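Taking it in order: structure first as structure tokens, then the write-up.
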Amino acid sequence: MSKQKTAISPTREENYPEWYQQVIKAADLAEASAVRGCMIIKPWGYAIWENMQRQLDDMFKATGHTNAYFPLFIPLSYFEREAEHVEGFAKECAIVTHYRLIPGPDGGLIPDPEAKLDEPLIVRPTSETIINEAFSRWVQSYRDLPILMNQWCNIVRWEMRTRLFLRTSEFLWQEGHTVHATKEEAIEETHRMHEVYARFAEDFCAIPVIKGPKTSSERFPGAEDTYTIESMMQDRKALQAGTSHFLGQNFAKVFNIEYSDADGKLVKAWTTSWGMTTRMIGALVMTHGDDDGLVLPPKLAPHHVVIIPITFKSDNPEAIVEYCNTLRDALQGTMYDGKPIRVHMDQRDMRGGDKIWSWVKKGVPIRIEVGQRDMDADSVFMARRDKSPKDKAGVPRAEFLANAVSILEEIQNKILEKAKAFRAEYTRVIDDKEEFYDFFTAKSKDPQRPEIHGGFALTHWSGSEEVEKQINKDLSVSIRCIPMEGQMDNCHEPGVCPFDGGESPQRVLWAKSY
RNA sequence: CGGGGUGUAGCUCAGCUUGGUAGAGCGCGUCGUUCGGGACGACGAGGUCGCAGGUUCGAAUCCUGUCACCCCGACCA
């Protein structure tokens, strides 16, 4: 095969959606399965998810939460209780109606009509209903509160159009569910977990996010308030990376979560829920990936360092392997982010070029090649994933060992800064309707293949749902969130809505979204 | 559910209009020459052409039915 300029074809510029698919394939993260809309998460993709899980789980534990597990199936009658919740999820539910198969007339298997369930079960699209039903039995006294619970599980939402990691019919996530004695405590919890997500995104995924509440039309079905973190992908579209919901007393009412307070009065409780999903892996791809494949933030990379012994030219390959072994041991004895550096020795029997590129495409932060020459000079040949694949050089072994941690830290910081700069470049404060429409309109001739355009727009907004609807219809642009204090500059002064001239307390964030 | 398209080797696809013994590239295996940035050669393994009917001496190819998937719209973490 002839040498290509980039490892991934097409490039982001040429065809962004196709680039995304190719990166996932090249990095061996996941593949489509025989089941429509469901993906097979392969070991490299799953290892990233495990690192996310471990980190988030620590953060949940540190904020007082415990894990539990609730059933995959939810009785239809539970699900029916909260009207808005039903309206939001009924259109995309998988339903179990039978529990036995029998041979059919055409030789295949069919559901046994005799084995029809009295009450259909739905496969959970989210677990508020079944968890709050349990909570209603667990909560009797103010002494039982708060309940701070989380579960790691899979859920099913029967999506029409799917894309690996971003939108699949089945996906993995965590869902936190809490019950509180007072409104204030529940709101505080909602904000606490919102903040946990933002910190996780920025400090671990190196994905800068904008925090804020959703408008009422974008809220979680059944919530009083939904708080989101929104990030900008490299095609300048917004991705909702995590949400935290203040559910008020909506679920407490329909599931009858009541407790006796200190005065012996019977009081309704307040609940929250919050979730983050495997979509985050898609966010990593689209935030940091380049035309050579995935770029992983070191804190989440399954391997921090890959060591490739180059032995074919040596009289003494065993010595090189041994030299690599001691290098690996030394690295593993070094702590990064509170844990030993994760090192992988790649001794697969394959050609050097293929081997090296496979790690470039997988996004490993540091690559080390060691051949006879390096060993003789007591040095290593190092390449960093945040630099060009060709930008690599020999460094003395001792120097590399001394600097390994700071290089990982530097890569982690650098990709976050790069993402922040990208977002800043394509975020615009707009006060004029025409300019807004122009900003979000592609200039390319072929409407099937619009060029990468638009970004984040900050405008005033009167609060009108009509305006929201019209803009969504015209441009497929929506309000991603109402940025909170301190999230963006020039955002929190009152002004005039450029769409209907109404008064506006602050600017809101508009974008096309996933 | 509307509009468009595709089912042939592990993968990507050609062959179909005009019926006549199943093809290519990549990948895979063995051997050789190579190899400090995506090698090359030789040989080899691998397919009841989505499924069911029909037409025909003969069907991947024509006809009918059916199933699945993909793309574009409405819905979504």
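Letters go in sequence order (proteins before strands), and every chain restarts at 1. Because the structure is predicted, anything quoted here is derived from the model rather than measured. Computed from heavy atoms alone, side chains included, the values below leave out hydrogens, waters and symmetry copies.
- As rounded to the nearest Å, C70(B) and U12(B) have C1' atoms that lie 15 Å from one another.
- Regarding Lys355(A), its NZ atom lies at a distance of 16 Å from the C1' atom of A39(B), rounded to whole Å.
- Of the P atoms belonging to U30(B) and A68(B), the separation is 41 Å, rounded to the nearest Å.
- U8(B) and C49(B) are spaced 4 Å apart, taking the C1' atom of each and rounding to whole Å.
- Residue Phe440(A) comes nearest to Gly455(A) through the heavy atom pair CE2-O, 3.3 Å, listed as atom of the first residue, atom of the second, then distance.
- Which of G37(B), G38(B), A77(B) sits closest to the side chain of Thr168(A) comes down to A77(B).
- Residue contacts shown for Gly371(A) include a base, since a base heavy atom lies under 4.0 Å away.
- What separates NZ of Lys25(A) from C1' of G10(B) is a distance of 11 Å, to the nearest Å.
- Judged by closest nucleotide on RNA chain B, Asp374(A) is the one of Asp374(A) and Trp158(A) placed further toward the 5' end.
- Inspection of the Thr162(A) and Thr168(A) side chains reveals no N or O donor paired with an N or O acceptor under 3.5 Å.
- Base engagement by Lys361(A) is indicated by at least one non-hydrogen atom pair under 4.0 Å involving a base atom.
- With P as the reference atom, C69(B) and C63(B) are 25 Å apart, rounded to whole Å.
- For the P atoms, the distance from C72(B) to U64(B) is 29 Å, rounded to whole Å.
- For C35(B), neither phosphate oxygen OP1 nor OP2 lies less than 4.0 angstrom from any side-chain nitrogen or oxygen of Arg351(A).
- Atom CZ in Phe165(A) sits about 19 Å away from atom P in A77(B), given to the nearest Å.
- A gap of 15 Å separates the C1' atoms of U34(B) and A42(B), to the nearest Å.
- Across all strands shown, the partner of G44(B) is C28(B), judged by Watson-Crick or G-U wobble contacts whose two distances both fall under 3.5 Å.
- Judged by Watson-Crick or G-U wobble contacts below 3.5 Å, the nucleotide C51(B) has G65(B) as its partner.
- To the nearest angstrom, P of A74(B) lies 13 Å from CG of Asp474(A).
- Using N1 to N3 plus N6-O4 or O6-N4 for Watson-Crick, or N1-O2 and O6-N3 for G-U wobble, each under 3.5 Å, G37(B) pairs with nothing.
- Across the P atoms, U33(B) and A24(B) are found 28 Å apart, a figure rounded to whole Å.
- Put simply, Phe381(A) does not rest on the base of G36(B): the two rings are not both less than 5.5 Å apart at their centres and under 30° in tilt.
- Rounded to an integer number of Å, the gap from Lys392(A) NZ to G38(B) C1' is 12 Å.
- Counting only heavy atoms from C-beta on, Phe312(A) has its side chain closest to G36(B) among G36(B), G38(B), U34(B).
- Of the N and O atoms on the side chains of Glu468(A) and Ser217(A), at least one donor lies less than 3.5 Å from an acceptor on the other residue.
- A donor-acceptor contact under 3.5 Å is formed by the side chain of Arg367(A) with the base of G37(B).
- Side-chain contact check for Glu466(A) and Gln470(A): no donor-acceptor pair (N or O, by modelled atom type) lies under 3.5 Å.
- Summarising the base pairing, C1(B) is matched to G73(B) through a Watson-Crick or G-U wobble pair whose two defining distances lie under 3.5 Å.
- Minimum atom distance to the side chain of Ala7(A) is reached by G38(B), of the listed A77(B), G38(B), G37(B).
- Between G36(B), G38(B), U34(B), one nucleotide has an atom nearer to the side chain of Trp357(A) than all others, and that is G38(B).
- As judged by a 4.0 angstrom heavy-atom cut-off over every strand, Glu159(A) is placed among the base-contacting residues.
- Using a 4.0 Å heavy-atom criterion, one finds that Tyr514(A) contacts no nucleic acid atom at all.
- Summarising the geometry, the separation between CG on Leu239(A) and C1' on A77(B) is reported as 8 Å, rounded to the nearest angstrom.
- Judged by a 6.0 Å distance limit and a 45° cone about the ring axis, Arg279(A) is not positioned over the six-membered ring of Phe165(A).
- Across all strands shown, A9(B) forms no Watson-Crick or G-U wobble pair with both key distances under 3.5 Å.
- Summarising the geometry, the separation between CD1 on Ile308(A) and C1' on G38(B) is reported as 13 Å, rounded to the nearest angstrom.
- Across the interface with RNA chain B, nearest-nucleotide mapping of Arg219(A) and Arg373(A) shows Arg373(A) to be the residue nearer the 5′ end.
- Residue Glu92(A) has its side chain nearest to C75(B) when only C35(B), C75(B), A77(B) are considered.
- Nucleic acid contact for Ile155(A): none, since no nucleic acid atom lies under 4.0 Å from a heavy atom of the residue.
- For the residue pair Glu128(A)/Ser273(A), the side-chain donor-acceptor check at 3.5 Å is satisfied.
- When both pairing distances are held under 3.5 Å, C57(B) makes a Watson-Crick or G-U pair with G20(B).
- With G36(B), A77(B), C75(B) as the choices, the nucleotide that has an atom nearest any side-chain atom of Ile310(A) turns out to be G36(B).
- Remark: C1' of A77(B) and CH2 of Trp152(A) are 14 Å apart, rounded to the nearest angstrom.
- Remark: Arg423(A) is not positioned above the aromatic ring of Tyr426(A), lacking an NZ or CZ atom under 6.0 angstrom from the ring centre and at most 45 degrees off the axis.
- Using atom C1' as the reference point in both C43(B) and G37(B), the two lie 29 Å apart (nearest Å).
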Requested in this report: Determine, step by step, whether Phe220(A) and Phe246(A) satisfy the ring pair (Phe, Tyr, Trp, His ring centres under 6.0 Å) criterion, reporting the C-alpha distance in whole Å, the side-chain angles of both residues, the deciding distance to 0.1 Å, and the verdict.
Outcome: CA-CA 9 Å; Phe220(A) 176 78; Phe246(A) 169 59; over 10 Å; no
